[in-house]
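Down below is the structure, laid out as structure tokens.
Here the structure is a predicted model, which is why all the values come from computation and not from measurement.
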Amino acid sequence: MKIEVLSVGALAEQTYFIIDEATKKTFIVDPGDDAAIINQKIDQEELKVEKIILTHGHFDHIGAVEEVRHHTGCKVVIHEEGKRYLEDVAYNLSTMLGGALTLQADEYVQHGDIITLDGTDISFKVLHAPGHTKDGVAFYSEKYKVAFVGDIIFRGSIGRTDFLGGNSVDLIKSIREQIFTLDKEVVLYPGHGPATTVGDEILHNPYFNMFE
């Protein structure tokens, strides 16, 4: 499994490509903006995009979804709570930049579901972790010791909770129960900024008491 990243849009959102090197089959995590650049990468590397998997439905994570879906014919996957975010501009915040972005997913998942890249050994467990949004999830691979965490947690920080659907108590609880219970060496790939590990955040993230 190969992981590649493009930093896209005004908010430097991290769009991840999860690639099976033998087959070129690919998941794209959160294509947030700059669809032309994303599609160019797909074409140049001859990637076979099977699914777009969304960590949550804020505009900076979904802005290129429709164009990439149209270009590749792939399916779009989000947590079942994400339906309201994709379809309601008040939830997805797209009006913040003067737009009105709405769309629909092809598949809705729940906590504990497994998403598999067909014909490969690449699969992810859906970990529902609300707080930044009601639909927030991490996509966790036990085999490869990685998790794509969206805006749940960052290196040394956590996601904002002051938008519609956010809740700080829920977010802290989600991180403790869904992220900090993973192996300490698991690499966390966030929606903004550099990667980190579970162990580093347990020790150093200032939002948590390391002595608990």
Side-chain angles (χ1 to χ4, degrees), residues 5-18 26-43 47 49-111 113 115 124 126-139 148-154 157-168 170-171 174 189-193:
V5 61
L6 286 177
S7 187
V8 301
L11 299 182
E13 187 268 341
Q14 305 287 60
T15 293
Y16 296 100
F17 297 77
I18 303 165
T26 302
F27 284 158
I28 299 180
V29 182
D30 293 354
D33 203 346
D34 297 331
I37 296 173
I38 294 171
N39 286 336
Q40 182 180 48
K41 177 180 176 64
I42 292 166
D43 293 344
L47 302 178
V49 181
E50 295 212 339
K51 290 181 179 179
I52 291 169
I53 56 177
L54 299 173
T55 63
H56 65 294
H58 278 163
F59 75 94
D60 56 319
H61 292 252
I62 65 172
V65 166
E66 285 290 27
E67 290 175 79
V68 174
R69 173 162 55 182
H70 178 75
H71 187 70
T72 64
C74 69
K75 302 295 186 183
V76 176
V77 181
I78 197 169
H79 187 268
E80 60 185 359
E81 288 281 353
K83 183 176 175 65
R84 78 178 79 185
Y85 284 83
L86 297 184
E87 297 179 1
D88 189 334
V89 297
Y91 276 94
N92 68 41
L93 309 178
S94 57
T95 55
M96 289 180 65
L97 293 183
L101 173 64
T102 60
L103 60 114
Q104 292 185 331
D106 300 292
E107 301 175 19
Y108 294 94
V109 293
Q110 298 177 335
H111 177 77
D113 286 352
I115 303 173
F124 294 91
V126 177
L127 305 178
H128 187 214
H132 174 62
T133 60
K134 291 182 179 295
D135 65 334
V137 299
F139 298 108
F148 297 87
V149 296
D151 292 357
I152 297 165
I153 188 169
F154 308 107
S157 190
I158 62 174
R160 290 178 61 168
T161 59
D162 55 328
F163 297 127
L164 187 61
N167 184 293
S168 59
D170 288 348
L171 182 58
S174 291
Y189 290 96
H192 306 270

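- Taking 4.0 Å as the cut-off between side-chain N and carboxylate O, Arg84 and Glu87 do not count as a salt-bridged pair.
- Within 6.0 Å of NE2 in His70 there are 12 or fewer heavy atoms belonging to other residues, nucleotides or ligands.
- Listed for the Asp113 side chain is a donor-acceptor partner under 3.5 Å among the backbone atoms of Gln110.
- Side chains of Lys75 and Glu50 form no contact here, defined as non-hydrogen atoms less than 4.5 Å apart.
- For the residue pair Asp135/His128, the side-chain donor-acceptor check at 3.5 Å is not satisfied.
- Salt-bridge check for Asp106 with Lys51: failed, with every basic side-chain N at 4.0 Å or more from each acidic carboxylate O.
- Between the side chains of Asp60 and His192, a donor-acceptor pair is found at a separation under 3.5 Å.
- When all heavy atoms are compared, the tightest approach of Pro190 to Phe154 is CB-CD2, 3.7 Å.
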Start with the C-alpha gap between Arg69 and Leu103, add the side-chain angles, then the distance that decides, and say whether side chain to side chain contact (heavy atoms under 4.5 Å, CB included) holds. CA-CA 11 Å; Arg69 173 162 55 182; Leu103 60 114; 4.3 Å; yes
Leu101 and Ile62: CA distance, side-chain angles, deciding distance, side chain to side chain contact (heavy atoms under 4.5 Å, CB included) verdict: CA-CA 9 Å; Leu101 173 64; Ile62 65 172; 3.5 Å; yes
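- Side-chain contact between Ile78 and Ile52 is absent, with no heavy atoms from C-beta onward closer than 4.5 Å.
- Here the side chains of Leu171 and Ile158 are in contact, with some heavy-atom distance below 4.5 Å.
- Because its NZ or CZ atom is not both nearer than 6.0 Å to the ring centre of Tyr85 and within 45° of the ring axis, Lys134 does not count as a cation-pi partner of that residue.
- Not one N or O on the side chain of Tyr91 forms a donor-acceptor pair closer than 3.5 Å with the backbone of Thr133.
- Separating the NE2 atom in His58 from the CG atom in Leu11 is a distance of 11.5 Å, to the nearest 0.5 Å.
- To the nearest 0.5 Å, the span separating CZ on Arg160 from CG on Asp151 amounts to 10.5 Å.
- The shortest distance between side-chain heavy atoms of Asp43 and His71 falls below 4.5 Å.
- With a 4.5 Å cut-off on side-chain heavy atoms, Thr161 and Asn167 do not count as touching.
- In this structure, the side chain of Gln14 does not engage the main chain of Val5 through any donor-acceptor pair within 3.5 Å.
- Remark: side-chain polar atoms of His61 are not paired, donor with acceptor, to backbone N or O of Gly32 under 3.5 angstrom.
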Go through His111 and Val126 one step at a time and tell me if the side chain to side chain contact (heavy atoms under 4.5 Å, CB included) criterion holds. CA-CA 5 Å; His111 177 77; Val126 177; 5.5 Å; no
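- Within the 4.5 Å cutoff, side-chain heavy atoms of Leu6 are placed close to those of Ile38.
- With hydrogens and angles left out, the side-chain atoms of His56 and His79 include no donor and acceptor closer than 3.5 Å.
- In the model, Asp30 has no side-chain atom that pairs as donor or acceptor with a side-chain atom of Thr15 under 3.5 Å.
- Here the OG1-CD distance, from Thr72 to Glu67, works out to 11.5 Å after rounding to the nearest 0.5 Å.
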Under the side chain to side chain contact (heavy atoms under 4.5 Å, CB included) criterion, do Val149 and Thr55 qualify, and how do the steps go? CA-CA 7 Å; Val149 296; Thr55 63; over 6 Å; no
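- Nearest heavy atoms, Ser174 versus Ala129: OG-C, 3.3 Å.
- In this structure, Asp34 contributes its side chain and Ile37 its backbone to no donor-acceptor pair below 3.5 Å.
- Outside the 6.0 Å centre-distance limit, the rings of Phe148 and Phe139 are not counted as a close aromatic pair.
- A pairwise comparison of heavy atoms in Leu54 and Val137 identifies O-CG2, 3.8 Å as the closest pair.
- Considering every non-hydrogen atom in both Leu93 and Phe59, the closest pair reads O-CD2, 3.4 Å.
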